[in-house]
Amino acid sequence: MTIWKYEESKDMHRLVKFYKENHGEGEYMGDLDEQTIKKMILEIKPDIEVNQAYGTLSYFGMLPLLVIVKKQ
């Protein structure tokens with residue numbers, strides 16, 4: 001599956017969007033296999049249900065991941 005990745009980091013959150021098509025934002029990651037994509041998703045959000053997330057990306061063509069930055 002061809003993947004583009006857009007990332008935005010702020011003080012309070014990190015937003016990462018994966019796309020199956022070029023939406024004019026983000027960088028081209030290449031033509032990746034399912035396991036590689038799932039590994040990238042888990043690196044960003046380890047507690048996600050990765051099979052569901054991959055299914056969302058596959059079906060809808062976009063997967064937004066929002067990670068809240070916890071202040072210590």
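No experiment lies behind these values; they were computed from the predicted model shown.
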> Atom CG of Asp33 and atom CD1 of Ile3: how far apart are they, to the nearest 0.5 Å?
Replying inline: 10.5 Å
>> Starting from Leu15 and following side-chain heavy-atom contacts under 4.5 Å between hydrophobic residues (I, L, V, M, F, W, Y), which residues can be reached?
In response: Leu66, Ile68
> Tracing side-chain links under 4.5 Å among I, L, V, M, F, W and Y, which residues wind up in one group with Val69?
Replying inline: none
> Shortest non-hydrogen contact from Ile41 to Ala53?
Replying inline: CG2-CB, 4.2 Å
>> Let me check something: do Met1 and Met62 share a hydrophobic cluster, defined by ILVMFWY side-chain heavy atoms less than 4.5 Å apart, either directly or through other members?
In response: no
> Is the closest basic N to carboxylate O distance between Arg14 and Glu8 below 4.0 Å?
Replying inline: no
> Going by the ring pair (Phe, Tyr, Trp, His ring centres under 6.0 Å) test, which pairs reach into residues 25-53, not counting sequence neighbours?
Replying inline: Trp4-Tyr28
> Between Leu32 and Thr36, which heavy-atom pair has the shortest distance, and what is it?
Replying inline: CD2-CG2, 4.2 Å
>> I'd like to check the ring pair (Phe, Tyr, Trp, His ring centres under 6.0 Å) partners of Tyr6; sequence neighbours left out, ordered by chain and number.
In response: none
Distance-only criterion, 3.5 Å: show the donor-acceptor pairs between side-chain atoms of residues 17-24 and protein atoms not counting sequence neighbours.
| from | atom 1 | to | atom 2 | distance (Å) |
| --- | --- | --- | --- | --- |
| Tyr19 | OH | Glu25 | OE2 | 2.3 |
| Lys20 | NZ | Ser58 | O | 2.9 |
| Asn22 | OD1 | Gly24 | N | 2.9 |

> Does anything in residues 39-68 pair up under ring pair (Phe, Tyr, Trp, His ring centres under 6.0 Å), and if so which pairs, sequence neighbours excluded?
Replying inline: none
>> Taking Val50 as the starting point, is it possible to reach Ile37 by hopping between hydrophobic residues whose side chains are less than 4.5 Å apart?
In response: yes
> Are the side chains of Val16 and Lys5 in touch, meaning some heavy atoms are under 4.5 Å apart?
Replying inline: yes
> Which residues pass the salt bridge (charged side-chain N to carboxylate O under 4.0 Å, His left out) test with Glu34, sequence neighbours left out?
Replying inline: Lys38
>> Among residues at least two apart in sequence or on other chains, which ones pass side-chain hydrogen bond (donor to acceptor under 3.5 Å, both in side chains) with Thr2?
In response: none
>> Show me the pairs that pass salt bridge (Lys or Arg N to Asp or Glu O under 4.0 Å) and involve residues 40-49, at least two apart or across chains.
In response: none
